Amino acid sequence: QVQLVESGGGLVQAGGSLRLSCAASGRPFNWYRMGWFRQAPAKDREFVAAINWHGAATYYADSVKGRFTISTDNSKNTVFLQMNTLKPEDTAIYYCAGQTVIAGLSAPSDYNYWGQGTQVTVSS
């Protein structure tokens, strides 16, 4: 059973930074792509960023481009999300997602493995 476990969330003031981590464990797997999504109260889950596991091409939502950076440590089966210049509107539960078959990029249904989420709260 594959598990994705996020960490690194918390409370930060506007303009601050956080680094989220997502560690994959379980049976051997072959990721095609890893992504981060977020969901604010009463809103749909939305795409934040994604990275191809091999080749390391990266993709970002317009709302985070230039502020967030996604990266991986393939040797540790871990994906990171460095979040800088945080804004109150970044407040949400952040979810790590994994894709083991070639699919789309930014819809939650494109990903077949999910973490439990980590809360990020940005105060003004």
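As the structure is a prediction and not an experimental result, all values here were calculated from the model. Computed over heavy atoms, backbone and side chain alike; hydrogens, waters and symmetry mates excluded.
Residues Leu18 and Val79 share a hydrophobic cluster, clusters being chains of Ile/Leu/Val/Met/Phe/Trp/Tyr side chains in contact below 4.5 Å. Residues Tyr59 and Phe37 fall within the same hydrophobic cluster, defined by Ile, Leu, Val, Met, Phe, Trp and Tyr side chains chained together at heavy-atom separations under 4.5 Å. Ile51 and Trp114 are members of different hydrophobic clusters when ILVMFWY side chains are connected at heavy-atom separations under 4.5 Å.
A side-chain donor-acceptor contact under 3.5 Å links Arg67 to the backbone of Thr85. The main-chain N or O of Thr69 is never found under 3.5 Å from a side-chain atom of Gln82 such that the two would form a donor-acceptor pair. Counting only distance, with no hydrogens or angles, the side chain of Arg33 and the backbone of Gly104 share a donor-acceptor pair below 3.5 Å. The closest donor-acceptor contact from the side chain of Thr78 to the backbone of Lys76 lies under 3.5 Å. With hydrogens and angles ignored, the 3.5 Å screen pairs no side-chain donor or acceptor of Gln13 with any backbone N or O of Ser123. Put simply, the side chain of Asn77 never gets that close to the backbone of Ala23: no donor and acceptor are under 3.5 Å apart.
When all heavy atoms of Val5 and Gln116 are compared, the pair lying nearest together is CA-OE1, 3.8 Å. Of all non-hydrogen atoms in Leu81 and Ala49, the two that sit nearest each other are CD1-CB, 4.2 Å. When all heavy atoms are compared, the tightest approach of Ser21 to Trp36 is O-CH2, 3.7 Å. For the residue pair Gln119 and Thr91, the shortest heavy atom distance occurs at NE2-CG2, 4.1 Å. Closest approach of Ala50 and Tyr111 over heavy atoms only: CB-OH, 3.6 Å. Considering every non-hydrogen atom in both Ala14 and Pro88, the closest pair reads CB-CD, 4.1 Å.
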Go through it in stages, so that I can follow the logic: the residues are Tyr113 and Cys96, the test is side chain to side chain contact (heavy atoms under 4.5 Å, CB included), and I'd like the CA-CA distance, side-chain angles, deciding distance and then a yes or no. CA-CA 8 Å; Tyr113 289 98; Cys96 172; over 6 Å; no
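Defined by atom type and a distance below 3.5 Å, a donor-acceptor pair is present between the side-chain atoms of Asn84 and Ser17.
The side-chain contact (heavy atoms from CB on, under 4.5 Å) with Phe80 is formed by just one residue from the set Leu20, Ile70, Asp73, Thr72; it is Asp73.
A tilted orientation is assigned to the rings of Phe68 and Tyr94, their planes being inclined by 30° to 60°.
To the nearest 0.5 Å, atoms CD (Gln99) and CH2 (Trp53) are separated by 13.0 Å. Here the straight-line distance linking atom CG of Leu11 with atom OG1 of Thr121 works out to 6.0 Å at 0.5 Å rounding. Distance check: Met34 CE to Leu4 CG gives 5.0 Å after rounding to the nearest 0.5 Å.
Gln3 CD: 12 or fewer foreign heavy atoms inside a 6.0 Å radius. Open room surrounds NZ on Lys43; 12 or fewer heavy atoms of other groups in view lie less than 6.0 Å from it.
Within the cation-pi definition used here (under 6.0 Å to the ring centroid, within 45° of the axis), Arg38 does not qualify as a partner of Phe47. A cation-pi arrangement is present between Arg45 and Tyr95, with the terminal nitrogen or guanidinium carbon under 6.0 Å from the aromatic centre and inside a 45° cone about the axis.
Under a 4.0 Å N-O distance rule, the pair Lys87/Asp90 does not qualify as a salt bridge.
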